[in-house]
Amino acid sequence: MLIILFLLWIRCTFSSEEEQKHECGLWFAPSTIPNGGMGMFAGRNYKEGTNVQTATWLVNTDYNLHNDAKSGDEEQVMEHYNWTPNGPFVFESLTDSFVICTDVGSLANNDADRQNISQNTRFRPDYHDMMFDQHVDPGAGAISYYSSPTIIMKDIVAGQELFLDYGYEALDDENRARDGIQSLEWLAANGQCLDNIEKKRSTIYQAGFGAFSTRDLNKGSIIAPAPLFHINDISYFNKYEMEWDEDWFVSEKYAGKQLMINYCFSHPRSSLVLCMMSQAAMINHMSSRNTGSEDGPNAYYTWSTWDDQTQIWIRKPLEDLKKQKNRVLSLDIVALRDIEEGEEIFIDYGDEWDHAWNRHVMDLKNSVSTLSPSSIYEVPIPLTSYTRMHQGRPFKTERESRSDPYPPNISTSCYLWFNETAETSRGSIVPSQNLDLATKEMISSFGISGDYLKPEAILPGFDTAERPCKVLDRNDDNMSYTVRIYEGKLVDEEEEWFERRRSIPTIIANFPELFINFVHRPYTSHLHLASAFRHTIEFNDDAFPEQWMDKI
């Protein structure tokens, strides 16, 4: 009898897991917040700590500096979805980056009091810089290397809306629904499934990551919604050479495009750019043109029919759309044929994209052929590789680094926050050029204790930051450190001297090793390769509104 019950339990367990696998686990539907637009909802019960989706972070470096200087101060829809740079994003450039988080970071609504999900970087997002060699791989710098899980912060029931904390004031009772829950029947009738696809390593050479089906999908079914934010002109993604004259400014010399455009649509006869906000941004390109066979895409895109706003706005003139400061457009990614679970999803990026990619591959081959064999190996060591090599080794003190420096593209950062005691005990002097902060007298006079810095003390709402730092001293007995925290970003020794002269030193003793990280020095990651591929997805002529074609 016990054996029979055990077998029945196993059958029920596996049956339940299989049923859940084929039911939508995440929905995109009208928010429970009045006038809140669309939101994300749980399609099943989730336990605290569950990862429900992997988000991708798109970093646009020195965005405000480039954009304000060349394109004016006109507000763009994208700016409503910008996340304040923190963690390793901070170190990509010298001025603030503009960071877009696909999926949860763009689709979930804000309610600080009811936050139930987190873009849980747990100090930092995942970083995937070992996929490509910058000298020989055409995919180097052409994709985002940053991703992070979306973690459930507390048990969630099916139908419950998912909320983030945007850093705004909490909503008052008049602007929120009482329970934030919709029935699964209502979600199926009014929403679109967000987890028909998942992000994994692509099957396409040099494509990086791709989108894979999580269940069988029928021909003609919507694989994924692709909400779009519109950018009035592609010049907003221009970069210019930067120069220093008591402050950073941009020159007139064009220096390429931001990575963001690789995840956006455009039309050759229009100034408009349309960027994807959902997991659909991970869908790669395929066509019979680039396979040399009859194989082609298994999906296509079309204007959404479920989104009333889209059907209204694709009929409006371009001038009206450019004045609109909210998201009003969406595409659907639709199955061209029956798709099996686990298949990678592809759409056709267009003939011009094919030509641009083939030119890029050929240019890289030609440049590699002119390199000496020794120079190919003179590549900055990947950050991930160096971090792994360093595991189990102590961080070097400032004195040790003088004789045995870190690689030129790598520096250290410290993850920290200040409590009330720490804030009131911070030192306040302006150091001279030759001041040695590593002396015991300096540490004793101006240092604060980092005993409060513990992983379990990190709670939602803490003002945490990852800042440049250097190790002044090391306690080998308990592997804690005395560190100097910098407010700015260090590029070289001259910049470090600038920083020492103009800022108040923050010295923290008993700093835990767990909170010290390796980071790129600004402008040394693949994101900044001058040869990195940049090209928008070409919007199909038949689907693009003629009244938006403003280029002759």
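The CG atom of Asp126 sits 4.5 Å away from the OG atom of Ser147 when rounded to the nearest 0.5 Å. Going from atom SG of Cys469 over to atom CD1 of Ile516 covers 6.0 Å, rounded to the nearest 0.5 Å. In this structure, the separation between CD1 on Ile231 and CD1 on Ile261 is 12.0 Å, given to the nearest 0.5 Å. For the atom pair CG (Asn116) and CD1 (Ile156), the distance works out to 4.0 Å, reported to the nearest 0.5 Å. How far CD1 of Ile100 is from CE of Met260: 5.5 Å, rounded to the nearest 0.5 Å. Here CG of Leu529 is found 10.0 Å from OG1 of Thr524. Values are rounded to the nearest 0.5 Å.
Between the side chain of Thr384 and the backbone N or O of Tyr127 there is at least one donor-acceptor pair closer than 3.5 Å. No donor-acceptor pair under 3.5 Å is formed between the side chain of Arg521 and the backbone N or O of Ser411. Judged by distance alone, the side chain of Thr50 and the main-chain N or O of Val52 form no donor-acceptor pair under 3.5 Å. A donor-acceptor distance shorter than 3.5 angstrom exists from the side chain of Thr310 to the backbone of Ser330, with no hydrogens or angles considered. In this structure a side-chain-to-backbone donor-acceptor pair under 3.5 Å is missing from His526 to Asp133. Between the side chain of Ser31 and the main chain of Met38, no donor-acceptor pair closer than 3.5 Å is present. Here the side chain of Ser304 pairs no donor or acceptor atom with the backbone of Trp306 at under 3.5 angstrom. In this structure, Asn196 contributes its side chain and Ala224 its backbone to no donor-acceptor pair below 3.5 Å. Counting only distance, with no hydrogens or angles, the side chain of Trp27 and the backbone of Ala42 share no donor-acceptor pair below 3.5 Å. Not a single donor-acceptor pair under 3.5 Å links the side chain of Asn60 to the backbone N or O of Ser97.
Shown here are the salt bridge (Lys or Arg N to Asp or Glu O under 4.0 Å) partners of Arg327, two or more places apart in sequence or in another chain: Asp307. For the side-chain contact (heavy atoms from CB on, under 4.5 Å) test, residues two or more places apart in sequence or in another chain that qualify with Glu538 are Pro268, Glu352. With sequence neighbours excluded, no residue forms a ring pair (Phe, Tyr, Trp, His ring centres under 6.0 Å) with Tyr263. With sequence neighbours excluded, the residues satisfying salt bridge (Lys or Arg N to Asp or Glu O under 4.0 Å) with Asp348 are Arg289. The disulfide (SG to SG under 2.5 Å) test applied to Cys264 returns Cys275, not counting sequence neighbours. Applying the salt bridge (Lys or Arg N to Asp or Glu O under 4.0 Å) criterion to Asp129, with sequence neighbours excluded, gives no partner residue. In this view, Gln324 and His230, Trp313, Asn326, Val328 satisfy the side-chain contact (heavy atoms from CB on, under 4.5 Å) rule, not counting sequence neighbours. Residues forming a side-chain contact (heavy atoms from CB on, under 4.5 Å) with Asp195 (at least two apart in sequence, or on another chain): Cys24, Leu26, Arg44, Cys193, Arg215. With sequence neighbours excluded, the residues that form a ring pair (Phe, Tyr, Trp, His ring centres under 6.0 Å) with Tyr406 are Phe518. Listed by chain and residue number, nothing satisfies the salt bridge (Lys or Arg N to Asp or Glu O under 4.0 Å) test with Arg269 (two or more places apart in sequence, or in another chain). Under the side-chain contact (heavy atoms from CB on, under 4.5 Å) criterion, Thr203 pairs with Phe212, Glu344, Phe346, not counting sequence neighbours.
With a 6.0 Å cutoff to the six-membered ring centre and a 45° limit on the axis angle, Arg484 counts as a cation-pi contact of Tyr486.
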Test side-chain hydrogen bond (donor to acceptor under 3.5 Å, both in side chains) on His267 and Asp541 and set out the steps. CA-CA 8 Å; His267 190 279; Asp541 269 340; 2.4 Å; yes

Derivation and outcome, side chain to side chain contact (heavy atoms under 4.5 Å, CB included), residues Phe28 and Ser278: CA-CA 10 Å; Phe28 186 54; Ser278 72; over 6 Å; no

Does the pair Ser271 and Lys322 meet the rule for a side-chain hydrogen bond (donor to acceptor under 3.5 Å, both in side chains), with working shown? CA-CA 10 Å; Ser271 58; Lys322 287 186 173 184; 3.1 Å; yes

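Using modelled atom types and a 3.5 Å distance limit, the side chains of Asn238 and Tyr236 yield no donor-acceptor pair. Side-chain contact check for Ser266 and Thr536: at least one donor-acceptor pair (N or O, by modelled atom type) lies under 3.5 Å. Side-chain atoms of Asp332 and Thr302 form no donor-acceptor pair, as typed in the model, at a separation below 3.5 Å. Of the N and O atoms on the side chains of Lys199 and Thr56, at least one donor lies less than 3.5 Å from an acceptor on the other residue. Ser148 and Trp57 share a donor-acceptor pair across their side chains, judged by distance under 3.5 Å alone. When only modelled atom types and interatomic distance are considered, Lys200 and Thr54 share no side-chain donor-acceptor pair under 3.5 Å. Of the N and O atoms on the side chains of Ser287 and Asp354, at least one donor lies less than 3.5 Å from an acceptor on the other residue. Judged purely by distance below 3.5 Å, without hydrogens or angles, the side chains of Tyr523 and Asp62 pair a donor atom with an acceptor atom. Between the side chains of Gln53 and Thr150, no donor-acceptor pair is found at a separation under 3.5 Å.
In terms of heavy atoms, Gly208 sits closest to Arg201 at O-CD, 3.1 Å. Residue Cys414 comes nearest to Phe511 through the heavy atom pair CB-CZ, 3.5 Å, listed as atom of the first residue, atom of the second, then distance.
Side-chain contact check for Leu329 versus Trp303: some heavy-atom pair is nearer than 4.5 Å. With a 4.5 Å cut-off on side-chain heavy atoms, Ser202 and Phe209 do not count as touching. When side chains are defined from C-beta on, Ile410 counts as touching Ile381, because their heavy atoms get closer than 4.5 Å. Side chains of Phe515 and Glu466 form no contact here, defined as non-hydrogen atoms less than 4.5 Å apart.
In summary, the aromatic rings of Tyr63 and Phe237 are positioned with their centroids too far apart to meet the 6.0 Å limit. Ring pair His360/Phe533: centre-to-centre distance below 6.0 Å. Ring centroids of His535 and Tyr349 are separated by 6.0 Å or more, keeping the two rings apart. Aromatic rings from Tyr145 and His128 are positioned such that their centres are separated by 6.0 Å or more.
Of the residues listed (Lys239, Glu92, His520), the one engaging His528 in a side-chain hydrogen bond (donor to acceptor under 3.5 Å, both in side chains) is Glu92, and it is the only one.
Taking the six-membered ring where the residue is Trp, His285 and Trp353 present tilted rings, their angle falling between 30° and 60°. Between Tyr146 and Phe89, the angle of the ring planes goes over 60°, which puts this pair in the perpendicular group of the 30/60° scheme.
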In a table with atom names and distances, give each donor-acceptor pair under 3.5 Å that connects a side chain of residues 314-321 to protein atoms at least two apart or in another chain.
from   : atom 1 : to     : atom 2 : distance (Å)
Arg315 : NH1    : Gln311 : O      : 2.5
Arg315 : NH1    : Gln311 : OE1    : 3.4

